[in-house]
Amino acid sequence: MKNKFAITYVSWVISLLLYMWVCSVTSETQEQFFYLLSIGTMISMVFFCTLLMSLTEN
């Protein structure tokens, strides 16, 4: 369980950092950057929490 959690957490952090970089490159204003960042963070958190729940059911 610990190993699965660590792998899921590290992959979430890496994907979040990559998403932050993409948002910073593509956004034109600071408000647009924070809007994209908040939407992407919520979506990725739901995805990785679902993934973690599916891994712990086994």
Side-chain angles (χ1 to χ4, degrees):
M1 171 60 190
K2 251 184 182 178
N3 193 21
K4 292 178 185 179
F5 177 76
I7 291 171
T8 304
Y9 184 73
V10 168
S11 64
W12 180 71
V13 168
I14 290 171
S15 67
L16 190 60
L17 289 173
L18 287 173
Y19 182 74
M20 286 174 65
W21 177 73
V22 168
C23 286
S24 68
V25 170
T26 59
S27 61
E28 296 175 3
T29 63
Q30 187 176 7
E31 290 84 15
Q32 186 180 16
F33 169 73
F34 286 126
Y35 176 73
L36 291 172
L37 189 64
S38 64
I39 297 296
T41 304
M42 286 187 289
I43 291 171
S44 68
M45 182 60 97
V46 167
F47 174 74
F48 283 108
C49 284
T50 305
L51 178 65
L52 190 59
M53 282 183 3
S54 69
L55 290 174
T56 57
E57 287 179 1
N58 294 335

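If you're wondering where the values come from, they're calculated on a predicted model, not measured in any experiment.
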Out of curiosity, does V10 fall in the hydrophobic cluster containing V13 (side-chain heavy atoms, cut-off under 4.5 Å, transitive links)?
no
Rounded to the nearest 0.5 angstrom, the OH-OG distance for Y35 and S27 is 13.5 Å
Does S24 reach the side chain of M20, with side-chain heavy atoms less than 4.5 Å apart?
no
Any side-chain heavy atom of W12 within less than 4.5 Å of one from M45?
yes
CZ of F48 to CD1 of I43, rounded to nearest 0.5 Å, is 12.5 Å
Would you say F47 ends up clustered with L17 if hydrophobic residues are merged whenever their side chains have heavy atoms under 4.5 Å apart, either directly or through other cluster members?
yes
Spell out, as yes or no, whether a donor-acceptor pair under 3.5 Å connects the side chain of Y19 to the backbone of L36.
yes
For T50 and V46, which heavy atoms make the closest approach, and how far apart are they?
OG1-O, 2.7 Å
Between CG of L16 and SG of C23, what distance do you get to the nearest 0.5 Å?
9.0 Å
Once rounded to the nearest 0.5 Å, what's the spacing between atom CG of L52 and atom CD1 of I7?
11.0 Å
